[in-house]
Participant: 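The structure under discussion is supplied below as structure tokens; questions concerning it will follow.
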Amino acid sequence: MPLTLATWNINSVRLRAPLVERLLREHAPDILCLQECKSPVDKMPLAQFAEMGWTHAVARGQKGYNGVAILSRHPIEDAGHIDWCGRGDARHVAARLACGAVIHNLYIPAGGDVPDPEVNDKFAHKLAFLEELRAWGRDSAPARSILVGDLNIAPRPDDVWDHRALLKVVSHTPVEVDALGAAQEAGGWVDVTRADIPEGPLYSWWSYRARDWAASDRGRRLDHIWASGDLAAAACDSRILRDVRGWAQPSDHAPVMARFDL
DNA sequence: ATGGTGGTAAAACCA
């Protein structure tokens, strides 16, 4: 069974519900994982997505911050979440499909501006989150699993517009990149996007602050699709929907897509 | 070196 999946940091699901509808209409992923919904669950416009055919959804929300949702055209058999760092943040939701595949939708903390956990609590939180992700991967040995989301780290030199310039910028510092790599290795996760597109620059986020985001193209690959080792060979057709960043009143993130032949 | 934009929600916080 082919399963298409997209992940997208929507930066307010209420404000950008029309963009979600357009993505569903034009690209029709079986599964759409959203982050930064910035809404309590009962105020997310899930009913209007259900009317379009994405009749199954699981979400976790809080007002103003965080918030994640999984929209599905296929039944969700079970759902759950992990309370990373014990803060009660809506940064993770998981869904199990009838075929047995488990989808993990993650929103890793951005980490603030200063890449020093001694002086920046947000960066300390990010590193603690990554350490919990590593321990979870090690202990749970994920199988038949897909992990997606805004991981807020661009791991490779060609995942940013200027590797040298960004070595001290949160999202690309060696300490974060190493911590993400350790988490990936501990869970046996395969970076599906890079397995499919191994060469060259690849971005999923461009700052709102650029005068012309497309012309300057100062992007970073912050949004990822990972698969457990047993599913990696089933993944194909990876792409980043760069054009979506150019839609009217856009999110600062573009959707990342892949197909799994399960 | 700095400031640049955007969302939430009502001044400041977060990205």
Side-chain angles (χ1 to χ4, degrees), chain A residues 7-23 33-46 59-69 84-85 87-92 105-117 119-130 148-155 159-162 164-173 175-177 179-180 203-224 240 242-256:
Chain A
T7 178
W8 193 12
N9 179 318
I10 192 62
N11 189 16
S12 175
V13 72
R14 280 187 276 178
L15 186 69
R16 282 185 246 287
L19 273 67
V20 174
E21 288 198 6
R22 182 173 171 188
L23 186 84
C33 296
L34 299 171
Q35 305 88 34
E36 276 210 271
C37 294
K38 294 186 172 178
S39 171
V41 173
D42 61 3
K43 292 188 175 175
M44 293 183 189
L46 302 177
R60 297 188 56 239
Q62 58 192 100
K63 64 175 170 55
Y65 303 109
N66 303 326
V68 287
W84 305 95
C85 301
R87 296 184 176 219
D89 285 346
R91 292 184 177 273
H92 177 231
N105 180 13
L106 266 183
Y107 175 49
I108 291 182
D113 289 329
V114 181
D116 180 351
V119 300
N120 176 6
D121 291 343
K122 293 181 207 164
F123 196 71
H125 179 209
K126 185 177 199 175
L127 294 181
F129 195 111
L130 288 163
V148 310
D150 179 1
L151 306 188
N152 265 314
I153 294 169
D159 289 337
V160 294
W161 66 278
D162 185 333
R164 284 176 57 86
L166 287 171
L167 279 171
K168 293 182 177 176
V169 174
V170 171
S171 73
H172 193 60
T173 65
V175 62
E176 300 164 76
V177 169
L180 186 68
Y203 312 140
S204 67
W205 174 89
W206 295 260
S207 173
Y208 283 125
R209 296 175 187 174
R211 296 176 184 206
D212 184 334
W213 71 272
S216 57
D217 200 21
R218 296 184 167 191
R220 307 177 199 171
R221 189 171 71 101
L222 304 181
D223 303 274
H224 300 266
I240 296 183
R242 181 187 172 107
D243 290 355
V244 173
R245 180 61 177 79
W247 288 358
Q249 206 172 16
S251 167
D252 45 354
H253 294 252
V256 181

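None of these values were measured; they are calculated from a predicted model. So you know, we letter chains A, B, ... as the sequences are listed, proteins then strands, and number each from 1.
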Participant: Given atom CD of A:Gln249 and atom C1' of B:dT8, what is their separation to the nearest angstrom?
Facilitator: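 Distance check: A:Gln249 CD to B:dT8 C1' gives 13 Å.
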Participant: Determine yes or no for a side-chain-to-main-chain donor-acceptor pair under 3.5 angstrom, with A:His172 supplying the side chain and A:Asp159 the backbone.
Facilitator: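 Not a single qualifying donor-acceptor pair exists.
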Participant: Might you work through the side chain to side chain donor-acceptor pair (under 3.5 Å) test for A:Thr7 and A:Gln35, ending with a clear yes or no?
Facilitator: CA-CA 8 Å; A:Thr7 178; A:Gln35 305 88 34; 2.9 Å; yes
Participant: Counting only heavy atoms not in A:Asp42, do more than 12 fall under 6.0 Å of its CG?
Facilitator: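 Enclosed.
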Participant: Send over the distance from A:Ile10 CD1 to B:dT8 C1', rounded to a whole Å.
Facilitator: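 It works out to 15 Å between those atoms.
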Participant: Any side-chain to backbone donor/acceptor pair from A:Thr173 onto A:Pro115? Under 3.5 Å, distance only.
Facilitator: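 The answer is no, because no donor-acceptor pair under 3.5 Å joins these two groups.
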Participant: Just by distance, do the side chain of A:Asn105 and the backbone of A:Ala69 share a donor-acceptor pair under 3.5 Å?
Facilitator: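 A pair under 3.5 Å: yes.
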Participant: For nucleotides 12-15 of chain B, list the nitrogen or oxygen atoms of the protein found under 3.5 Å from its nitrogen or oxygen atoms, one pair per line.
Facilitator:
| from | atom 1 | to | atom 2 | distance (Å) |
| --- | --- | --- | --- | --- |
| B:dC14 | OP2 | A:Lys122 | NZ | 3.3 |
| B:dA15 | N6 | A:Arg209 | NH2 | 2.7 |
| B:dA15 | N1 | A:Arg209 | NH2 | 3.1 |

Participant: Starting at CG of A:Leu15 and ending at P of B:dA9, how long is that distance when rounded to a whole Å?
Facilitator: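 After rounding, the gap between these two atoms is 11 Å.
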Participant: Atom NZ of A:Lys63 to atom C1' of B:dA9: distance rounded to whole Å?
Facilitator: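 Answer to the nearest Å: 9 Å.
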Participant: For the pair made of CG in A:Asp113 and C1' in B:dG3, what is the distance, rounded to whole Å?
Facilitator: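 It works out to 12 Å between those atoms.
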Participant: Determine, for A:Asp89 against A:Arg91, whether the closest basic-nitrogen to carboxylate-oxygen distance falls under 4.0 angstrom.
Facilitator: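 Between A:Arg91 and A:Asp89 there is a salt bridge, with a charged N closer than 4.0 Å to a carboxylate O.
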Participant: Hey, does the Lys NZ or Arg CZ of A:Arg218 hover above the aromatic six-ring of A:Trp161, less than 6.0 Å from the centre and inside 45° of the axis?
Facilitator: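 Ring-cation test returns yes.
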Participant: Applying the Watson-Crick and G-U wobble criteria at under 3.5 Å, what pairs with B:dG7? Answer none if nothing qualifies.
Facilitator: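 Its partner is B:dC13 (Watson-Crick or G-U wobble, both distances under 3.5 Å).
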Participant: Please measure how far the C1' atom in B:dA11 lies from the corresponding atom in B:dG7, and state the result in whole Å.
Facilitator: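 Each nucleotide's C1' atom is 14 Å from the other's.
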Participant: Between B:dG3 and B:dA15, how far apart are the two C1' atoms, rounded to whole Å?
Facilitator: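 Their C1' atoms lie roughly 16 Å apart.
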Participant: Answer with base, sugar-phosphate or nothing: what part of the nucleic acid does A:Arg218 contact at a heavy-atom distance below 4.0 Å?
Facilitator: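 Since no nucleic acid heavy atom lies under 4.0 Å of A:Arg218, the category is nothing.
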Participant: When the C1' atoms of B:dA9 and B:dC14 are compared, how many Å lie between them, rounded to an integer?
Facilitator: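 Roughly 12 Å separates the two C1' atoms.
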Participant: Write down the distance between CH2 (A:Trp213) and P (B:dG6), rounded to a whole number of angstrom.
Facilitator: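 About 14 Å, once rounded to whole Å.
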